[in-house]
Amino acid sequence: MKIRQATASDAAEIARIINAAFEIERDFRRGERTSPSEVLASMSRKREIFLVAEEGGGLVGAVEVRVESDAGYFGMLAVDASVRRGGIGRALVEAAEAHCRGAGCSVMTMSTGENRTELIPYYEKMGYRVTAVEPSTNPAFKYPIRVVNMEKPL
């Protein structure tokens, strides 16, 4: 497996992988999680990238990474169902952390919906701790949910 920074030509495949992984949120999310155009828009921002995992000549995972002053952020972590539980998600998070550390960040942050109860212990095993739980104002959700914010010192 190889992890690299995504290019514009990866946008459609990144959106496919993310949307497939976030299908579990259909009960409380309106529409798709992202689109190729949204991925491209994110890539065009100065301090935002996507990292992708390649295996067997194709993309099998992706994560959005942002640098916000001295804090890094990762989101939309997604791994293709055919290769889940093989360490790709962890490797993508570690690569995101390394990118942010290299950009001068001292902390890594992320958030997830409270409904995704299986994810909180997953991130805690990687050293993340809950820092806040707050209502989401995102109109993408069908009903009010709470967002769990987590962070890890770098």
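Treat the numbers as computed from the prediction; the structure is a model and nothing was measured. By convention here, the first residue in the shown sequence is residue 1.
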Where do Met150 and Ile120 come nearest, in terms of heavy atoms and distance?
CE-O, 3.9 Å
Is a salt bridge present between Glu68 and Arg47, judged by a nitrogen-to-oxygen distance below 4.0 Å?
no
Report yes if the side chains of Arg4 and Val52 come closer than 4.5 Å at any heavy-atom pair, otherwise no.
yes
So, are Glu97 and Lys152 salt-bridged, with charged N and O less than 4.0 Å apart?
yes
Tell me the closest heavy-atom pair linking Ser111 and Asn149, and the distance in Å.
CB-OD1, 3.3 Å
Any salt bridge linking Arg33 with Glu38? Criterion: basic side-chain nitrogen under 4.0 Å from a carboxylate oxygen.
no
What's the shortest heavy-atom distance between Met1 and Ala53, and which atoms?
SD-CB, 3.9 Å
Is the shortest side-chain heavy-atom distance between Leu92 and Ile3 below 4.5 Å?
yes
Ion pair Lys46/Glu48, N-O distance below 4.0 Å:
no
Pairwise side-chain contact, Val93 with Tyr128, heavy-atom cut-off 4.5 Å (strictly under):
yes
Before giving the answer on side-chain contact (heavy atoms from CB on, under 4.5 Å), spell out for Glu64 and Phe74 the whole-Å C-alpha distance, their side-chain angles and the decisive distance to 0.1 Å.
CA-CA 5 Å; Glu64 173 191 32; Phe74 78 87; over 6 Å; no
Could Arg16 and Asp10 be called an ion pair, given the rule that one side-chain N must be under 4.0 Å from one carboxylate O?
no
Between Ile88 and Glu55, is any pair of side-chain heavy atoms under 4.5 Å apart?
yes
Hey, is Glu118 close enough to Arg116 for a salt bridge, meaning N to O under 4.0 Å?
yes
